[in-house]
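Note that these values count all heavy atoms, side chains included, but never hydrogens, waters or copies made by symmetry. Count residues from 1 along the sequence.
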Amino acid sequence: MTVRLYSERGGQGEVLAELEETGIPPAALAWAASMTNDDDTKSVFLTTQYEGAAGFRDFHGAGTFDLPDLQPITHVTVKDKALYQPSDQPG
C-alpha cells in the first residue's frame, strides 16, 4: 500500500512524498496538487494547514485524486476503507 503526493494534477510531476502508513510527509508542508493510492481497501485522509486553519480531505479506495488547488499537506492518515463506507452500500 503506497500513497504518493504529486506536484501536478493527475498524478504527474515530482513525487513530493511517499508514505506506506499514517504519518507526516517527509517534506513537511508538501504543496501537493494530486494524490495516488494503490490500495482499494484503504481510505486516505489528508490534513492541510493553510493560513492558520486546518482542513481535511478524504479519498476512498485506489486511484488518482486531484486536489482543488495546491494544498499544503501536513499529515496523511491511512485507514481501512470498510470503516468509512455508508451502511446502505454493499461491500
Side-chain angles (χ1 to χ4, degrees):
M1 184 279 151
T2 304
V3 173
R4 290 182 181 91
L5 301 175
Y6 290 89
S7 62
E8 297 177 20
R9 297 174 73 82
Q12 301 294 312
E14 180 184 356
V15 177
L16 302 173
E18 186 172 283
L19 295 95
E20 295 182 4
E21 59 188 15
T22 294
I24 299 169
L29 284 179
W31 285 81
S34 62
M35 180 207 74
T36 61
N37 172 18
D38 64 5
D39 189 340
D40 198 43
T41 68
K42 300 293 182 183
S43 291
V44 177
F45 298 81
L46 300 180
T47 304
T48 65
Q49 188 75 29
Y50 192 71
E51 295 182 352
F56 305 94
R57 301 207 175 273
D58 60 310
F59 306 94
H60 305 286
T64 299
F65 305 94
D66 287 338
L67 302 173
D69 50 14
L70 283 177
Q71 300 282 309
I73 309 301
T74 59
H75 200 266
V76 176
T77 304
V78 177
K79 302 221 178 193
D80 287 336
K81 179 179 164 187
L83 296 174
Y84 298 94
Q85 289 180 330
S87 59
D88 61 344
Q89 297 286 324

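Inter-residue side-chain proximity for K79 and F45 is flagged as met; some heavy-atom pair is nearer than 4.5 Å. In this structure, L5 and P25 have side chains that are in contact, with non-hydrogen atoms separated by less than 4.5 Å. In this structure, Q71 and R57 have side chains that are in contact, with non-hydrogen atoms separated by less than 4.5 Å.
Nearest heavy-atom pair across L70 and A33 is CD2-CB, 3.8 Å. In plain terms, the two heavy atoms of L16 and W31 that are nearest each other are CD1-O, 3.0 Å. Shown here for T64 and G11, the closest heavy-atom pair between the two residues is CG2-N, 3.5 Å. Shortest non-hydrogen contact noted between A32 and I73 is CB-CG1, 3.9 Å. Among all heavy-atom pairs drawn from L46 and L67, the shortest one is CD1-CD2, 4.1 Å. The two residues A17 and P26 make their nearest non-hydrogen contact at CB-CD, 3.7 Å.
Residue-environment remark: CD (E21) stays at or below the threshold of 12 foreign heavy atoms within 6.0 Å.
Proximity of a side-chain donor or acceptor of T22 to a complementary backbone N or O of T77 within less than 3.5 Å is not detected. Of the possible polar contacts, none joining the T48 side chain to the P72 backbone as a donor-acceptor pair under 3.5 Å is found. In this structure, the side chain of T2 does not engage the main chain of E20 through any donor-acceptor pair within 3.5 Å. Under the 3.5 Å distance criterion, the side-chain polar atoms of N37 are matched with a main-chain donor or acceptor of G61. Of the possible donor and acceptor atoms, one in the side chain of D39 sits under 3.5 Å from a partner among the backbone N and O of T41.
Taking the six-membered ring where tryptophan is involved, the planes of F65 and F59 are tilted, since the angle between them lies from 30° to 60°.
Note: the hydrophobic cluster containing V78 also contains L19 (ILVMFWY, side chain heavy atoms under 4.5 Å, direct or indirect links). Cluster annotation: M1 and V76 are assigned to the same hydrophobic cluster (Ile/Leu/Val/Met/Phe/Trp/Tyr, side-chain heavy-atom contacts under 4.5 Å, transitive).
Residues satisfying the side chain to side chain donor-acceptor pair (under 3.5 Å) test with D66, not counting sequence neighbours, are none. Residues that satisfy the salt bridge (charged side-chain N to carboxylate O under 4.0 Å, His left out) test with D40, not counting sequence neighbours, are K81.
Within the model, atoms OG of S34 and CD of E8 stand 8.5 Å from one another, a figure rounded to the nearest 0.5 Å. To the nearest 0.5 angstrom, S43 atom OG is 7.5 Å from D58 atom CG. Here CZ of R9 is found 8.5 Å from CG of D69. Values are rounded to the nearest 0.5 Å.
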Side chain to side chain contact (heavy atoms under 4.5 Å, CB included) evaluation trace for D38 with V3: CA-CA 7 Å; D38 64 5; V3 173; over 6 Å; no
